[in-house]
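These notes concern the structure reproduced below.
Worth saying up front: this structure is predicted, and the values here are computed from it rather than measured.
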Amino acid sequence: MSRIMGFIGVVIFSGLIACKKPVDFKVSKLVVDLQQSAVSINTIDSADVVFRKVGTDTKVRQRLSKTAQGLIASLHSLTPGTWNADIEVYTKSVNRQSNQYVIIKPILITGEIADIKIAGPGATSGNGWIKRHVKASADNEVVVIVPEEVYDSYFEIRSRSQKRLILGIAREAINVNYVVDHKTWTCTNACFDAEGRITDINHFMSFTNNILSSPWTENEISIAVLSEKNEELVNYDRTWNQ
């Protein structure tokens with residue numbers, strides 16, 4: 001009798017385990033909401049985020065995943081505290097030209113499960129997002145990132161090649177028939193960092209500050225990237241008119 005009762009007990013215990021509902025482990029997410037954005041999910045090529053913990057050297061890089069209404073990244077690997085989410089969104093290329101949208105958003109990570117939502121970019125720079133243009137060489141070995149807004153002094157050049165490149169940028173502002181300001185930047189050797197990038201927001205700062213306080217009718221930016229044999233790899237020109 002005791003053996004039978006023992007068997008029944010084992011069956012009941014096993015049944016309780018089998019009927020127990022699985023635990024739903026929810027993970028908080030960073031969500032870039034594109035429902036009211038000028039950028040649709042269908043036009044996005046890729047998106048990345050680098051989480052940097054404030055006051056430390058800790059950083060976590062992730063690729064943002066696409067959903068029907070936006071972009072998401074898991075927050076489960078972030079420890080409690082204040083972080084900066086450095087987000088980059090790239091649209092699909094047309095004739096080797098696309099757009100980049102960037103934002104740095106402070107976020108607070110707590111022990112609670114809660115999604116952090118960020119509104120997607122608008123049509124131009126605004127609501128925290130900065131829009132820039134991306135121009136690539138035919139083989140995508142060289143990429144330049146240049147301003148959308150005339151008062152943006154930023155530029156970036158990326159290279160996947162170890163070959164020496166000749167780089168040049170010129171910016172000029174004209175007011176009807178005289179030059180308001182003209183500034184250039186060139187580099188022919190050892191320009192790139194260990195990641196193959198040149199990133200600068202300071203070199204043209206005096207130029208953008210000058211045109212901000214001076215009347216102008218036409219603004220131009222020209223960028224050229226050449227091989228050491230003077231072969232043109234990337235050429236970009238942009239004109240703003242008032």
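- More than 12 heavy atoms of other shown residues, nucleotides or ligands fall within 6.0 angstrom of atom NZ in Lys66.
- The backbone N or O of Phe204 sits less than 3.5 Å from a side-chain atom of Thr208, completing a donor-acceptor pair.
- Within a 6.0 Å radius of CD in Gln242, other residues, nucleotides and ligands contribute more than 12 heavy atoms.
- Taking NZ from Lys92 and OG from Ser98, the interatomic distance works out to 12.0 Å, rounded to the nearest 0.5 Å.
- Proximity of a side-chain donor or acceptor of Ser153 to a complementary backbone N or O of Ile201 within less than 3.5 Å is detected.
- Side-chain polar atoms of Lys53 and Thr79 form a donor-acceptor pair below 3.5 angstrom.
- With values rounded to the nearest 0.5 angstrom, Leu233 atom CG is found 7.5 Å from Asp139 atom CG.
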**Request:** Under the side-chain contact (heavy atoms from CB on, under 4.5 Å) rule, what do Ile157 and Ile145 come out as? Steps first, then yes or no, please.
**Result:** CA-CA 6 Å; Ile157 303 174; Ile145 300 174; over 6 Å; no

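- Taking CE of Met205 as the reference point, atom CG of Asn210 lies at 13.5 Å (rounded to 0.5 Å).
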**Message:** What verdict does the side-chain contact (heavy atoms from CB on, under 4.5 Å) test give for Val146 and Tyr154, after you've listed the backbone C-alpha separation in whole Å, the side-chain angles of each residue and the deciding distance to 0.1 Å?
**Reply:** CA-CA 7 Å; Val146 292; Tyr154 183 91; over 6 Å; no

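- Among all heavy-atom pairs drawn from Pro147 and Arg171, the shortest one is CG-NH1, 4.1 Å.
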**Request:** Begin with the C-alpha distance, continue with both residues' side-chain angles, and end with the deciding distance and a verdict on side-chain contact (heavy atoms from CB on, under 4.5 Å) for Ile169 and Thr184.
**Result:** CA-CA 6 Å; Ile169 303 175; Thr184 62; over 6 Å; no

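- By the 4.5 Å side-chain criterion applied to Ile, Leu, Val, Met, Phe, Trp and Tyr, Ile72 is assigned to a cluster that also includes Val31.
- Between Asp115 and Lys29 a salt bridge is recorded (basic side-chain N to carboxylate O distance below 4.0 Å).
- Judged as a salt bridge (charged side-chain N to carboxylate O under 4.0 Å, His left out), the pairs with a partner in residues 145-157 (not counting sequence neighbours) are, in order, Arg132-Asp152, Glu148-Arg238, Glu156-Arg158, Glu156-Arg197.
- Linking ILVMFWY residues whenever their side-chain heavy atoms come closer than 4.5 Å, directly or via other members, leaves Val179 and Trp216 in distinct clusters.
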If you look only at distance, which donor and acceptor atoms sit under 3.5 Å apart when one is on a side chain in residues 39-50 and the other is two or more places apart or in another chain?
{"residue": "Thr43", "atom": "OG1", "partner": "Ser40", "partner atom": "O", "Å": "2.8"}
{"residue": "Asp48", "atom": "OD1", "partner": "Arg63", "partner atom": "NE", "Å": "2.7"}

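- Side-chain heavy-atom separations under 4.5 angstrom define the hydrophobic clusters, and the remaining members of the one that includes Ile166 are Leu226.
- Of all non-hydrogen atoms in Ala114 and Ser28, the two that sit nearest each other are O-CB, 3.1 Å.
- Proximity of a side-chain donor or acceptor of Asp33 to a complementary backbone N or O of Gln35 within less than 3.5 Å is detected.
- In terms of the side chain to side chain donor-acceptor pair (under 3.5 Å) criterion, residue partners of Glu88 (sequence neighbours excluded) are, by chain and number, Tyr90.
- Interatomic distance, Ile116 CD1 to Lys105 NZ, rounded to the nearest 0.5 Å: 10.5 Å.
- The closest donor-acceptor contact from the side chain of Gln62 to the backbone of Ser74 lies under 3.5 Å.
- Note that the CG atom of Asp181 and the CD1 atom of Ile174 stand 11.5 Å from one another [nearest 0.5 Å].
- At least one donor-acceptor pair closer than 3.5 Å links the side chain of Ser137 to the backbone N or O of Val142.
- In plain terms, the two heavy atoms of Pro121 and Ser37 that are nearest each other are O-OG, 2.5 Å.
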**Message:** Working note: Leu167 + Cys191, criterion side-chain contact (heavy atoms from CB on, under 4.5 Å); need CA distance, chi angles, decisive distance, verdict.
**Reply:** CA-CA 9 Å; Leu167 314 167; Cys191 306; 4.1 Å; yes

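- Atoms CD1 and CD, from Ile130 and Gln100 in turn, are 9.0 Å apart once rounded to the nearest 0.5 Å.
- Scored by the side chain to side chain donor-acceptor pair (under 3.5 Å) test, Asn175 finds Tyr178 as partners (sequence neighbours excluded).
- Between Trp185 and Phe155, the ring planes lie tilted relative to each other; the angle falls in the 30° to 60° range.
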